Amino acid sequence: MMSISHAKGSGTSGLAWRIFRRDWRSGEVKILFFALMIAVTAMVAIGVITDRIHRAMGEQSSEFLGADYTFSSPRPIEQSWVEQGRSNGIEITETLGFSTVLSKGDKFQLVNVRAISGKFPLKGELEIADKPFTSGMKIQGSPELGSVWVEPRVLSLLGAKVGDKVDFGISQLTIAGVIVSGPGQASEVFNVAPRVTLNKQDVEAANIIQPGSRVSYGLFIAGELEAREQYIAWLKERKNTTQRITGGKEGTPALQASIERAETFLRLASLVSVVLAGVAIAVAAGRFSRRHYDYAAIYRCLGMQIAQVHRLYFTQLSIIGLIGSALGVALGLAIQQIIIMQFADYLPKPMVPIDWVPVLVGALSGLVVLIGFALPAFFQIARVSPLRVLRKELVPQPLSSWLIYIFAIVAMALLMWWQSGDFKLVGILLGVALLAYGLIRLIAWLIFKLGVWLGKRASTPIRYGLGQLKRYPAFTISQITAFGLAFIIMLSTVLIRSELLDEWQNQLPEGAPNHFLVNVQPQEVELLENILAEQSVQTAGIYPMVRGRVVGVNDQTLQEALDERALTDGAVRRELNLTWMTDVPKANQVTQGEWWVGDALSQDETKTNQLSIDEKLAERLGLKIGDKLLFSIGGIEVAGEISNFRSIQWDSFQPNFFIIFQPGALDAQSATYITSFHLQQAQKPTLNTILQQMPTVTIIELDAIMAQVQTILEQVTRAIEFIMLFVLLAGIAVLYAVLQSNRDERVLSATLLKTLGAQTKFIRTSLVAELALLGLFSGILGAIGGEVLVSALYKNALKIEPVLHPWVWIIVPLIGVVFISLVGWWGLRGLLKQPAHQVLRQM
Amino acid sequence: MMLTTKNLTKTVNSQEHDLTILSQVSLTINEQDTVAIVGASGSGKSTLLSLLAGLDVPTSGQVMLAGKPLHELNEDQRALVRAQYVGFVFQSFHLLPGLSALENVMLPIELKEQKNPEQQARQLLEQVGLLERLHHYPNQLSGGEQQRVAIARAFASEPKILFADEPTGNLDTANGEKIIDLIFELNQQLGTTLVLVTHDDRLASRCQRVVRLEAGELVDDTAQEKAVQEPHLESAAGHS
Ligand SMILES: Nc1ncnc2c1ncn2[C@@H]1O[C@H](COP(=O)(O)OP(=O)(O)O)[C@@H](O)[C@H]1O
Ligand SMILES: [Mg+2]
């Protein structure tokens, strides 16, 4: 028998501590304590993991960009800005970009020059090979003076090989290597002129930049998080509207949507753990306070002041809060470390360190959940009348239920906002919570109806089980609410996860195009088709492409027709890739207006050509269906009338076009063709064949970058799977907590039945019937609520088209029945074997 | 005068009409009196006790306990009076399951901020014959033992007045006898005023005065010539 030190136990806090120790051992506080611990563990683990993965992914996408940020400007950048950064420990590489002509002998080729001084790229690596379409060396640095790195097609266009000299302005450069992969490739797919990289000092020597040349001045920027964010903020204050800052994530348009969805999901998962924790704590606190009314009445009877009783219980709540949070933090950190180590292979090394902010947020969140969900119940305890020692039925005046809800909702909203920083998401979830409340009411009503209806024909134990549910409707409803919520949350997590994974799989299926061919001449199309067919390479279609500029809207010039903002839009300032098609292309959807039928040529001469435009572009330019656009294509003007808007999935790795004409509207002779296809490593020599036979074709290799995209998606998938598992465990813990907290009531009624002479078999059947019915009802609630929640989230947060999941309607109630009756029965089984008086004494 | 009431009435709202469960009870209890409140079940005994002890307030009428007008005091003020002057023994013991026997007995002493709570509590537990059970928790004690702890706790704060509501109601005869003996023994020793509710005639017969309630009204208030000073029954040693 443990002995307790009484010496200093005179204050209420000493008493509180003593009572806590005893209560803990008798298991009464355990559920409350574990609920809190689960909450904090989940919040810390998920918080830290998402934060670390988020930052790790940021690092990785910086590799696509080549830096944490890039800065670009049409005029020279103030040298003092660069100094400002460098003096704060920021790495900065200065670049120049312009178009010029490289020549060798009688061959000339327009190229995009990137001239660098210093380390490049700052994040990630350049892969340089000495032959086209082979793998090369990974380096960080700039080309040596007098040398140039070129894209593979430059070699075939100029008839050169690595080591040859080419003319560059008034000087000569040696081709030192072929760029296999490097930053920025993904966003350069449609650059017609190939990219060459050379040393900045050679630019001056070549005397190639004349007044009036179009040059873009750039900075590649990298550094420690805090310092670089400060510097970027500093730059943002000073930059003018022609200067642009691009951040890590924006460097990879193809990945952006996926990463954002993954982040949204992870944020949701941590919100979910908050909701679950809240439910568990509210349930456990309710039970705790019910069990303590008696004791509080005795304290009051013995002369304790109300404030003293409050202090006693608040002290206990604080002890639970502090110890529970501390253990939760420790466990959460351990778990996240295990997870991170589990897939260290997929994460960049060294892994980003733990940031203590999410840890602190997790611990504090635990306390907020505890206070928000437990305080109202704890507050009740001291309000019990001392008369309860004589009249057991006296319970405290219930607090205004609004007060309790407001307390919980405020705590919840605070936490959600804290965890997600996303007001919209918090709004949706709280909205759905209120909606769920309405549904719960409805189902409670259904329970009565069903109970009465079934009660007429069911066997006695089932009737008894139903009777139990009918006898305490409030109790029944609160249980269904809690179980249902856990089911809703678990179901939504599972559904959203599989939907996300499917989406990604669709987006980057096996054999997704990883090479683009641009600049195919009309007379070469047949030849290309033959070569590809010979190697059994399948294309996503060969599309014509015409470069044209928008010059007028509705018979007005751009200046007259568009407002100031629209006039600065890139789409009206440069040439666009135009095409024509018979059918709506894959990965596109008509959102407004009608797609055309047939060719323009086959129709009435007087009718204008139809065209289809990207809905986002139309919105930016303020265009409507029926507006007429005038294009200048190679000096010839072509008009078209907008007949429909399209939404375009830009990250689909298919050729995408802002503007598509009706077939026949554009002159087929001035077009070049574009296609994309999937090549495996072994098929890469095909590219050589293509270049030999049609040297002007531009080949864009995306296989390296797509492999990287695949890797990132794999990482995210794993993180999501694991975190989902975690949410499921938390949900199960909540189910268990609720079952545990209602165990007393069940044991009592079963024991009473027993003293009345019921057979154990009867008691068992009726208990299981009661539990199974609870499971059924909450499973139905879970299915309805889950579908509603998921649809709302798809629409609003994840931007996926909502769908229904019929299988859920059967599976979830089934799981509810099986799980709740099994676990519930398992918790009671032992007690029913004991004699009734022994059970009653333990209560 | 320890306790006086004047026209004590308690009315409760039940199903849309008012129900008077105690009507115009006036009585006076002197210091060191031993008073039994008897009556049929439902006659209002517990209600009266709860008003006398300040656990509840009357609908009308007055209660003065140790010179304090309970009917005018709020919850906390009445709690203070209870802490200062009142001890309780209940039918269902009402020990705190989270505390050991010793801690249960120490609690009122601590609340009154008296010295040496542990020593006093030990002494009392020794007196009720539970010295070996100091560190046992209520669920490890039999009903009789629990009630003895409750008695030790009731006397621990050295109350001026002890209220007991059917203290033997949940016990078998032998244990009941033992409890009665202990109550009277400690009562005499400490000079406590005793008010107990019972329908146990033997218990009532040991009080100086018997007050009878019928349907919430005081119908009889008899001073017994001489309270039966029964010799102690043979010690129920087997139970401790
Ligand atoms: N709050 C209440 N509401 C309704 N009826 C009550 C309330 N308190 C007591 N009663 C009723 O008053 C009567 C007296 O109760 P009580 O004092 O407990 O009687 P006794 O202790 O003599 O058995 C009983 O019929 C009881 O049901
Ligand atoms: Mg009574």
Side-chain angles (χ1 to χ4, degrees), chain A residues 1-12 14-29 288 291-292 294-310 312-313 316 382-392 394 837-843, chain B residues 46-47 49-51 53-57 74-88 90-100 102-104 106-115 117-118 121 134-140 142-143 153-154 156-157 159 163 165-166 197:
Chain A
M1 184 93 301
M2 72 177 269
S3 90
I4 290 169
S5 110
H6 319 104
K8 40 199 178 318
S10 64
T12 24
L15 182 65
W17 178 243
R18 240 184 289 151
I19 291 172
F20 175 75
R21 281 168 75 164
R22 171 62 182 166
D23 277 351
W24 166 250
R25 288 195 308 140
S26 68
E28 214 168 276
V29 181
F288 183 91
R291 300 203 29 132
H292 278 261
D294 280 343
Y295 315 151
I298 299 171
Y299 293 130
R300 300 273 297 119
C301 191
L302 293 179
M304 225 185 242
Q305 306 283 295
I306 295 177
Q308 275 178 301
V309 182
H310 274 315
L312 179 73
Y313 282 100
Q316 288 202 46
R383 300 173 80 226
V384 73
S385 162
L387 201 53
R388 188 175 160 96
V389 293
L390 292 172
R391 309 198 149 285
K392 185 125 175 131
L394 289 182
H837 70 270
Q838 210 170 324
V839 171
L840 288 174
R841 236 175 84 193
Q842 286 173 9
M843 295 291 295
Chain B
S46 297
T47 305
L49 187 91
S50 69
L51 294 176
L55 292 174
D56 201 3
V57 282
N74 67 20
E75 280 277 354
D76 268 348
Q77 290 164 333
R78 279 183 276 128
L80 210 60
V81 173
R82 286 198 296 274
Q84 294 281 310
Y85 302 107
V86 179
F88 286 101
F90 302 105
Q91 180 173 1
S92 47
F93 325 138
H94 283 319
L95 296 179
L96 287 158
L99 302 180
S100 68
L102 183 65
E103 289 165 339
N104 262 290
M106 280 163 61
L107 187 62
I109 312 175
E110 290 172 336
L111 282 175
K112 230 176 155 186
E113 294 179 1
Q114 289 174 342
K115 289 207 183 85
E118 183 172 354
L134 293 182
H135 299 299
H136 286 207
Y137 287 91
N139 64 3
Q140 298 166 312
S142 74
R153 182 178 69 182
S157 58
F163 293 100
D165 191 4
E166 316 242 12
V197 164

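Treat the numbers as computed from the prediction; the structure is a model and nothing was measured. By convention in this document, chain letters (A, B, ...) are assigned in the order of the sequence lines, proteins followed by strands, and residues within each chain are numbered from 1.
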Please classify the contact of B/T47 with chain A as side chain, backbone, both or neither, using a heavy-atom distance under 4.5 Å. side chain
Note: vs chain A, highest number of non-hydrogen pairs under 4.5 angstrom among B/L107, B/V81, B/V86 is B/L107
Inter-residue atom distance B/L55.CG - B/D165.CG, 0.5 Å rounding: 10.0 Å
Which of B/D76, B/L80, B/L111 passes side-chain contact (heavy atoms from CB on, under 4.5 Å) with A/M304? It is B/L111
What part of A/I298 is in contact with chain B, defined as an atom under 4.5 angstrom from a non-hydrogen atom: side chain, backbone, both or neither? side chain
To the nearest 0.5 Å, tell me how far A/Y313 OH sits from A/Q308 CD. 13.0 Å
By a 4.5 Å heavy-atom criterion (distance strictly below it), what part of B/P159 contacts chain A: side chain, backbone, both, or neither? neither
Nearest 0.5 Å, what's the CG-CZ distance between A/L387 and A/R300? 11.5 Å
Between the CD atom in B/Q114 and the CE atom in B/M106, the distance rounded to the nearest 0.5 Å is 12.5 Å
Go through the atoms of B/R78 and report whether side chain, backbone, both or neither lie under 4.5 Å from a heavy atom of chain A. neither
